[in-house]
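Since the structure is predicted, the reported quantities are computational estimates derived from the model, not experimental observations.
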Amino acid sequence: MAGRASRGRHWLRGHAGSSPALARLLHEECIQLLELYRKRESLPSSPVAGDYLVSIPPLVPPMSHAEKISILHAALKECLRLLEDVITRENAEFSEEEGEYTRQRTTVKDLLGHLLVSTERLLVDGQRFEAAVKEELDGSGIFDLKMWISRVLQDLVHWTGQTSDTLNQAPAEKAPISRRTRKGTRKTRN
């Protein structure tokens with residue numbers, strides 16, 4: 001297990017540079033998507049009541065950043081699946097022209113796919129977590145569909161925000177100093 005943890009830190013150090021920026025951008029794009037949806041549907045800016053649709057194990061302090069990222073990666077995978085379901089249902093239920101909301105929805109979907117690829121590189125070998133989805137939409141009416149879509153978009157905002165925060169709080173690990181370097185430095189001082 002020590003080898004796995006070491007490799008996870010190596011990947012975290014080597015590839016984390018672009019992931020935090022991508023997560024931050026995606027979070028901002030998700031906020032904009034939710035705002036566009038609420039405006040389009042004339043929904044209040046307050047969140048739809050209820051727990052998050054996607055649930056994961058709690059991110060507790062003793063966990064390593066690699067473990068937290070693995071858990072959040074699972075949540076983001078479920079968010080992408082839900083967003084794809086939203087797109088399918090909206091396309092089936094509402095015939096609409098390409099507009100700002102649909103362009104933003106495509107942007108979010110694409111960025112979410114890129115973030116999943118980026119965070120996949122940060123996962124510790126052999127450690128995969130599963131996220132659960134608490135509520136799937138059944139064959140309810142249009143109002144229920146719109147409220148469910150709003151909840152999916154709220155989940156996107158929440159989980160991309162959590163991922164952005166976690167990636168941006170990852171400690172910058174220092175590269176170990178080799179013995180040769182230390183000895184060379186010592187000789188120079190003498």
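- Here the side chains of L34 and S150 are in contact, with some heavy-atom distance below 4.5 Å.
- The side-chain contact (heavy atoms from CB on, under 4.5 Å) search around K77 returns H73, L116, not counting sequence neighbours.
- Residues E78 and L53 fail the side-chain proximity criterion, which asks for heavy atoms closer than 4.5 Å.
- Residues C79 and V54 form a side-chain contact, since some pair of their non-hydrogen atoms from C-beta on lies under 4.5 Å apart.
- When atom types are taken as modelled, the side chain of D155 and the backbone of Y52 share no donor-acceptor pair closer than 3.5 angstrom.
- Judged purely by atom type and a 3.5 angstrom limit, R24 has no side-chain atom pairing as donor or acceptor with the backbone of S164.
- When all heavy atoms of V60 and K68 are compared, the pair lying nearest together is O-CE, 3.5 Å.
- Atom CD of residue E93 and atom CG of residue L145 lie 6.0 Å apart, to the nearest 0.5 angstrom.
- L112 CG to K109 NZ: the interatomic distance, rounded to the nearest 0.5 Å, is 9.5 Å.
- Within 6.0 Å of CD on E41 lie more than 12 heavy atoms contributed by other residues, nucleotides or ligands.
- Listed for the Y37 side chain is a donor-acceptor partner under 3.5 Å among the backbone atoms of K146.
- A donor-acceptor pair under 3.5 Å is absent between the side-chain atoms of T166 and the main chain of T163, judged by distance alone.
- Nearest heavy-atom pair, K134 versus D51, reported as atom, atom and distance to 0.1 Å: NZ-CB, 3.7 Å.
- Annotation: the span from L59 atom CG to Q162 atom CD amounts to 6.5 Å, rounded to 0.5 Å.
- Closest of all the heavy-atom pairs between S19 and L115 is O-CD1, 3.9 Å.
- Two residues are said to be in side-chain contact when any heavy atoms from C-beta on lie closer than 4.5 Å; M147 and L43 meet this criterion.
- T102 places no side-chain N or O within donor-acceptor distance of the main-chain N or O of E98, the cut-off being under 3.5 Å.
- Taking all atoms of both residues into account, the shortest heavy-atom contact from L167 to A23 is CD1-CB, 3.8 Å.
- Within 6.0 Å of atom CZ in F143, 12 or fewer heavy atoms from other residues, nucleotides or ligands are found, so the atom counts as exposed in its surroundings.
- For the atom pair CG (L82) and CH2 (W148), the distance works out to 5.5 Å, reported to the nearest 0.5 Å.
- Using a distance-only test at 3.5 Å, with no hydrogens or angles considered, no donor-acceptor pair links the side chain of D85 to the main chain of R81.
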Start with the C-alpha gap between V108 and L153, add the side-chain angles, then the distance that decides, and say whether side chain to side chain contact (heavy atoms under 4.5 Å, CB included) holds. CA-CA 10 Å; V108 165; L153 299 180; over 6 Å; no
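- The backbone N or O of S64 lies less than 3.5 Å from a partner atom in the side chain of E67, making a donor-acceptor pair.
- Using a 3.5 Å distance cut-off with no hydrogens or angles, the side chains of D110 and T106 do not pair a donor with an acceptor.
- The line from CG of L26 to CG of L76 is 7.5 Å long, rounded to the nearest 0.5 Å.
- From E90, atom CD reaches atom CD1 of I149 across 4.0 Å, with rounding to the nearest 0.5 Å.
- Of all heavy-atom pairs spanning Q154 and P47, the tightest one is OE1-CA, 3.1 Å.
- Legend: side-chain hydrogen bond (donor to acceptor under 3.5 Å, both in side chains) pairs involving residues 25-34, not counting sequence neighbours, sorted by first then second residue: H27-T160, E29-Q104.
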